[in-house]
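Heads up: the structure comes next, in structure tokens.
In the text below, chain A, chain B and the rest are named by the order of the sequence lines, each starting its count at 1. For the numbers below, each heavy atom of this structure counts, side chains included, while hydrogens, waters and symmetry mates do not.
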Protein chains: 2
Amino acid sequence: MSKAKPNPNLTPTPAQADLPADLPAHKGLVVVIEDHQEYLSALKRLLELEGYACEAHLSAESFLQLHPPEELAPLGPCCLLCDVKLPAMSGLQLQERFADLKEMPLILMSGNSGVHEVAEGFRAGALDFLLKPIDAEVLLQRVSQALELSAQRQQERQFREGLRERIEGMSARERQIARRVAEGMLNREIAAEMHIALRTVKLHRHRALLKLGAKNVPELVRLIQIEAL
Amino acid sequence: MSKAKPNPNLTPTPAQADLPADLPAHKGLVVVIEDHQEYLSALKRLLELEGYACEAHLSAESFLQLHPPEELAPLGPCCLLCDVKLPAMSGLQLQERFADLKEMPLILMSGNSGVHEVAEGFRAGALDFLLKPIDAEVLLQRVSQALELSAQRQQERQFREGLRERIEGMSARERQIARRVAEGMLNREIAAEMHIALRTVKLHRHRALLKLGAKNVPELVRLIQIEAL
DNA sequence: AATGCAATCACCCCAAGGTGCATATCTGAA
DNA sequence: TTCAGATATGCACCTTGGGGTGATTGCATT
């Protein structure tokens, strides 16, 4: 499913010697959407000079086409750098599409936005709203920050996904008992509440620990805690 | 230290019959800072009509004078509603003073701000930036949201303070052993690592549970977890 | 029908946790 | 000095957790 070559024509990828060449990006991927061809190119050059992978688009549609629904393979930290004023679909609209996709922070740009647009951008959850002319230092600082956020959220999600998998690998009984154990109930109490023999509780408890990969009860407590959000 | 009458002259307080009159505010306190007397009064009326307590100031200095350093007694949810353009000290500068005071969210207002100011306001951590003319519905919605945030953060902090107190009420040994227990170590292992008899570990462990108010190990794990941020 | 898995339970054993009782040292506060 | 609290330890007893062996039942897939 996932592309072996993530950026076939847009990103030459510096191809540093000490890292495998097919890694998506060394310092992260920046998706830039900007309808001015020249400015777009300039941004791309700047970002690539800094060691970022950069995917350039002239429109939001072009971007959505490459990353269709929300099946963005989480291949390393990435962020959106996007002009607010775009043909057909604005940056704000784009943000709505990815509202749930917190792993791809949005940085908005604009040269002639009104105060309302700026406020709207922030309310919509943009990490920042850069006003043209944009200072290169500031831009890079924000991008770096956005990628850091992205990496952090991806890591978080991946952990949760792994945890979720482990939990779904448990049987219903095991889940019930694991929850009660994490709540501090004694085996005896659990057995009474569930009308089950003590030995059975112990068995499920044991398997729950195994399947969750928890070496002891405190670890199980932490996992269940995290799972419960 | 804390004032028995929180709003002596500024807030008449609706004095509803079903609640003690000396409560700070039923729905929360909104501190408004606005240099236009008329607008300030209008805001105050609006907010009080909605059941909020309202403290009105014509300048940031006036506000800081009433709430000197950061000794804001956390008497219920409160937020700042503040014009960006103020004599002497702007809303943004004010925000810097209270950057650590997350329990008092800031809503900025302005009628003639530029895009840069709006962006700066958001970057500074303002919850929102309302542009005049301000719609009453929108304002009340934001205030409600801000107070909810404030209440949540205060509750969180109070819990942490209580927890901190309990932890500081423990002896050094008790803390060390509680931490190790929460990490999943066995009494025997703890005893070995600390060059202590097993019996001693059990004692400290017991007292730790007592002083933390934890009924069982999972509860202790959660408390230690929270304490560790 | 056969196989596999989840769930259930009994009996037994050992390890670990929880407590009461008794004792002892050390340090800082009254 | 005396007293309180922290720290430390030993002994004994009971509870609880962990795990092995073996067996049964029900459901679903093969």
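Within 4.0 Å of A:K215, counting heavy atoms only, lies no atom of the nucleic acid at all. At the heavy-atom level, B:I196 lies under 4.0 Å from the strands shown only through sugar-phosphate atoms. Using a 4.0 Å heavy-atom cutoff across all strands shown, A:R207 reaches no nucleic acid atom at all. Using a 4.0 Å heavy-atom criterion, one finds that B:T200 contacts the bases of the nucleic acid, with or without backbone contacts as well.
Considering only the side chain of B:L186, C:dA16 comes nearest among C:dG18, C:dA16, C:dC9. Closest approach to the A:K202 side chain among D:dT16, D:dG17, D:dA6 is made by D:dG17 (side chain taken as heavy atoms from C-beta onward). Closest to the A:N187 side chain, of the nucleotides C:dG18, C:dC9, D:dG17, is D:dG17. Of the candidates C:dA7, D:dG18, C:dG17, D:dG18 carries the atom nearest the A:R205 side chain, counting heavy atoms from C-beta on. The side chain of A:R199 has C:dC11 as its nearest neighbour among D:dT7, C:dA7, C:dC11.
Listed pair B:H206 / C:dT19 meets the phosphate criterion, a side-chain N or O lying under 4.0 Å from OP1 or OP2. Listed pair B:R173 / D:dT7 fails the phosphate criterion, with no side-chain N or O lying under 4.0 Å from OP1 or OP2. In terms of phosphate contacts, A:S171 brings a side-chain nitrogen or oxygen within less than 4.0 Å of OP1 or OP2 of C:dA7.
Distance, A:E189 CD to D:dT15 C1': 13 Å, rounded to whole Å. In this entry the distance linking CG of A:L210 with C1' of C:dA6 reads 15 Å, nearest Å. The CG-C1' distance, from A:L198 to D:dG18, rounds to 11 Å in whole Å. Separating the NE2 atom of B:H195 from the C1' atom of D:dT9 is a distance of 16 Å, rounded to the nearest angstrom. One interatomic measurement links the two molecules: CG of A:L209 to P of D:dG17, which rounds to 12 Å at whole-angstrom precision. Here D:dT16 presents its P atom at 13 Å from CD1 of A:I190, a figure rounded to the nearest Å. Rounded to an integer number of Å, the gap from CD of A:E174 to C1' of C:dT8 is 13 Å.
Classification of the B:F122-A:F122 ring pair by plane angle, with boundaries at 30° and 60°, yields parallel.
No option in B:R160, B:Q152, B:Q154 other than B:R160 meets the side chain to side chain contact (heavy atoms under 4.5 Å, CB included) test with B:E156.
When all heavy atoms are compared, the tightest approach of B:G121 to B:L108 is CA-CD1, 3.7 Å. Of all heavy-atom pairs spanning B:M185 and B:E193, the tightest one is CE-OE1, 3.4 Å.
Across the interface with DNA chain D, nearest-nucleotide mapping of B:L203 and B:M170 shows B:M170 to be the residue nearer the 5′ end.
With respect to B:E120 and B:R123, a salt bridge is recorded, a charged nitrogen being found less than 4.0 Å from a carboxylate O.
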